[in-house]
Trainee: 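My questions all concern the structure below.
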Amino acid sequence: MDRRSSELLGFARDARVLIVSCDDLGMHDAVNAAVVESIENGIASSCSLMVPCPAAANAIRLLRERPHIPFGIHLALVCDSPEYRWGPTAAKADVPSLLDPDTNELYVNTPAQRTALLAEAKLTDVERELRAQIDAVVDVGLAPTHLDWHCLADGGRADIGDLAMALAEEYGLAARVWLDEGRRKAREQGKPVVDNAFLDSYSISLGDKAATYGRMLRELPPGLNEWAIHPAHGTEQWQTIEPTGWRIRQTDHSFLTSPQAREILDHEGITVIDYRPLQQAWNA
């Protein structure tokens with residue numbers, strides 16, 4: 001019988017283990033504040049920093065002030081919308097194939113734009129940009145635990161996914177890998193990855209969302225699980241930037257910081273971890 005990743009991390013076979021990760025730290029101050037609260041006052045266990053984003057400098061300051069907060073690097077090759085852009089971390093002249101020729105900016109997170117990026121992106125440019133994002137964190141003395149992706153599942157392309165895994169190994173990090181092919185490759189190398197379906201909170205209906213999360217916790221299967229949650233405060237400025245998605249983020253924050261969430265975890269005997277045990281196992 002194949003061992004579960006949770007067993008590779010030292011847990012019993014029937015243990016239910018959960019990483020509760022807050023994505024998009026650095027995107028905006030409304031996100032930054034809610035992420036910190038979700039970890040310090042809620043059930044979240046980790047977060048993921050988007051280096052190119054407008055509020056990344058503030059996020060880095062928050063992390064330096066809070067060395068107890070484990071975090072990964074949320075590798076970003078796309079922007080969320082034409083109205084809320086960020087540039088690459090590397091100089092634009094050094095990563096031309098990552099830029100939309102119509103705007104000379106990063107591609108936007110739409111199916112057509114993601115397809116165009118993945119068709120045009122040269123692996124050398126991708127590596128240059130990913131290294132710039134990682135080095136921007138490491139060079140200021142911060143110690144990330146893992147790499148994961150913003151909007152491009154496992155990098156969106158096999159060679160990009162392989163590159164990210166190689167960079168994780170080079171920098172002594174783990175990686176979030178959740179598609180079948182990436183999980184197979186990681187498992188062949190003895191690296192723990194999620195055992196069960198990966199959850200992105202943008203896939204959860206807003207209707208009775210807290211009850212949905214509660215049901216999902218009660219039904220959490222044995223093994224290593226990961227939820228990627230997107231907390232933010234629904235400030236007036238953030239509502240303008242993300243006119244529909246802000247409700248997803250605000251309700252995520254509300255659940256993560258609710259007494260109900262903690263009570264369910266305790267009652268169900270679910271163990272919440274961050275990426276540090278995975279980082280250790282990936283680099284054993």
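For reference, positions follow the sequence shown, starting with 1. All values derive from a computational prediction rather than experimental measurement.
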Trainee: Whether the Gln133 and His74 side chains hold a donor-acceptor pair (N or O, under 3.5 Å, no angle test) is what I'd like checked.
Mentor: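 No, because no side-chain N or O of Gln133 sits under 3.5 Å from a partner of the opposite role on His74.
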Trainee: Are Leu173 and Pro144 close enough that some pair of their side-chain heavy atoms sits under 4.5 Å apart?
Mentor: yes
Trainee: If you take all heavy atoms of Ala30 and Thr235, which pair is closest and at what distance?
Mentor: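 Looking at all heavy atoms of both residues, the shortest contact is CB-OG1, 3.8 Å.
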Trainee: Classify the angle between the aromatic ring planes of Trp238 and His28 as parallel (below 30°), tilted (30 to 60°) or perpendicular (above 60°).
Mentor: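 Ring orientation, 0 to 90° scale: tilted.
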Trainee: Taking atom types as modelled, find out whether Asp135 and Tyr171 have a side-chain donor-acceptor pair closer than 3.5 angstrom.
Mentor: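 The answer is yes; a qualifying pair exists.
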Trainee: Arg247 vs Glu242, test: salt bridge (Lys or Arg N to Asp or Glu O under 4.0 Å). Steps then yes/no.
Mentor: CA-CA 9 Å; Arg247 292 182 177 85; Glu242 196 176 27; over 6 Å; no
Trainee: Using the rule that Ile, Leu, Val, Met, Phe, Trp and Tyr join whenever any side-chain heavy atoms are under 4.5 Å apart, tell me whether Leu152 and Met50 fall into a single cluster.
Mentor: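 Both belong to a single hydrophobic cluster.
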Trainee: Does Asn225 use its side chain to pair, donor to acceptor, with the backbone of Pro221 at less than 3.5 Å?
Mentor: yes
Trainee: Closer than 3.5 angstrom, by distance alone: can the side chain of Arg16 be matched with the main-chain N or O of Pro222 as a donor-acceptor pair?
Mentor: no
Trainee: Will you find, in the side chains of Tyr275 and Gln280, an N or O donor that is under 3.5 Å from an N or O acceptor?
Mentor: no
Trainee: Between the side chains of Arg249 and Tyr202, does any donor sit under 3.5 Å from an acceptor?
Mentor: yes
Trainee: Do Ser201 and Asp252 meet the criterion of a side-chain donor-acceptor pair at a distance under 3.5 Å?
Mentor: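 Yes, a side-chain donor-acceptor pair sits under 3.5 Å.
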Trainee: Quick check for you: to the nearest 0.5 Å, what is the distance between Thr271 atom OG1 and Leu265 atom CG?
Mentor: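 Between atom OG1 of Thr271 and atom CG of Leu265 there are 9.5 Å.
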Trainee: Can you spot which of Val35, Val36, Ile43 makes a side chain to side chain contact (heavy atoms under 4.5 Å, CB included) with Ile39?
Mentor: Val35
Trainee: Indicate, with yes or no, if Val51 and Ile160 share a hydrophobic cluster defined by side-chain heavy-atom contacts under 4.5 Å among Ile, Leu, Val, Met, Phe, Trp and Tyr.
Mentor: yes
Trainee: Could you check Glu7 against Arg13 for salt bridge (Lys or Arg N to Asp or Glu O under 4.0 Å), going step by step and ending with a plain yes or no?
Mentor: CA-CA 6 Å; Glu7 293 179 271; Arg13 181 161 180 81; 2.6 Å; yes
Trainee: I'd like to know if the side chain of Asp274 reaches the main chain of Ser46, judged simply by a donor and an acceptor atom lying under 3.5 Å from each other, with no hydrogens or angles considered.
Mentor: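 Answer holds: no.
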Trainee: Rounded at 0.5 Å granularity, tell me how far OG in Ser48 sits from CZ in Arg176.
Mentor: 6.0 Å
Trainee: Tell me whether the centres of the aromatic rings in Trp227 and Phe198 are closer together than 6.0 Å.
Mentor: no
Trainee: If you round to the nearest 0.5 Å, how far is OG of Ser38 from CG of Leu256?
Mentor: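 Going from CG on Leu256 over to OG on Ser38, the span is 4.5 Å.
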Trainee: Check this for me, if you would: do Asp180 and Arg183 make a salt bridge, where the nitrogen-to-carboxylate-oxygen distance has to be below 4.0 angstrom?
Mentor: yes
Trainee: Decide, yes or no, whether a salt bridge links Lys185 with Glu188 under the criterion of side-chain N to carboxylate O below 4.0 Å.
Mentor: no
Trainee: Would you say the side-chain atoms of Asp80 pair up with the backbone N or O of Val108, donor to acceptor, closer than 3.5 Å?
Mentor: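 Side chain of Asp80 to backbone of Val108: no pair is present.
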Trainee: State yes or no: do Ile134 and Val177 share one hydrophobic cluster built from I, L, V, M, F, W and Y residues joined by side-chain heavy-atom distances below 4.5 Å, directly or via other members?
Mentor: no
Trainee: Are Ile229 and Tyr213 close enough that some pair of their side-chain heavy atoms sits under 4.5 Å apart?
Mentor: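 A side-chain contact exists here, since the closest heavy-atom pair is under 4.5 Å.
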Trainee: Give the cluster check for Leu220 versus Phe11: same hydrophobic cluster or not, with ILVMFWY residues linked at side-chain heavy-atom distances below 4.5 Å.
Mentor: no
Trainee: If we ignore hydrogens and angles and just use 3.5 Å, is the side chain of Ser45 paired with the main-chain N or O of Ile19 as donor and acceptor?
Mentor: no
Trainee: How close do Leu199 and Ser203 get, heavy atom to heavy atom, and via which atoms?
Mentor: CD1-OG, 3.9 Å
Trainee: So, Trp246 side chain and Pro243 main chain: donor-acceptor pair closer than 3.5 Å or not?
Mentor: yes
Trainee: Is there a donor-acceptor pair under 3.5 Å between the side chain of Asp94 and the backbone N or O of Ala90?
Mentor: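 Judged by distance alone, no pair lies under 3.5 Å.
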Trainee: Check this for me: Gln189, atom CD, are more than 12 non-hydrogen atoms of other residues, nucleotides or ligands nearer than 6.0 Å?
Mentor: yes
Trainee: Are Val78 and Ile73 connected into the same hydrophobic cluster when the rule is that any two of I, L, V, M, F, W, Y join if their side-chain heavy atoms are below 4.5 Å apart?
Mentor: yes
Trainee: Please name the pair of heavy atoms, one in Pro88 and one in Glu129, separated by the smallest distance, quoted to 0.1 Å.
Mentor: CB-OE1, 3.4 Å
Trainee: So, does Asp154 use its side chain to make a donor-acceptor pair with the main chain of Leu179 at under 3.5 Å?
Mentor: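 Flag set: sc Asp154 to bb Leu179 pair under 3.5 Å.
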Trainee: Without swapping roles, check the side chain of Gln260 against the backbone of Phe255 for a donor-acceptor pair under 3.5 Å.
Mentor: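 Not at all, since once roles are kept as given, no pair shorter than 3.5 Å links the two residues.
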Trainee: For atom CZ of Arg64, decide whether the heavy atoms of other residues, nucleotides or ligands shown that lie under 6.0 angstrom number more than 12.
Mentor: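 No, not enclosed.
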Trainee: With rounding to the nearest 0.5 angstrom, report the NE2 to CD distance, His233 to Glu37.
Mentor: 3.5 Å
Trainee: With a 3.5 Å distance limit and no angle check, can you tell me whether Ser97 reaches the backbone of Lys122 through a side-chain donor-acceptor pair?
Mentor: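 Side chain of Ser97 to backbone of Lys122: a pair is present.
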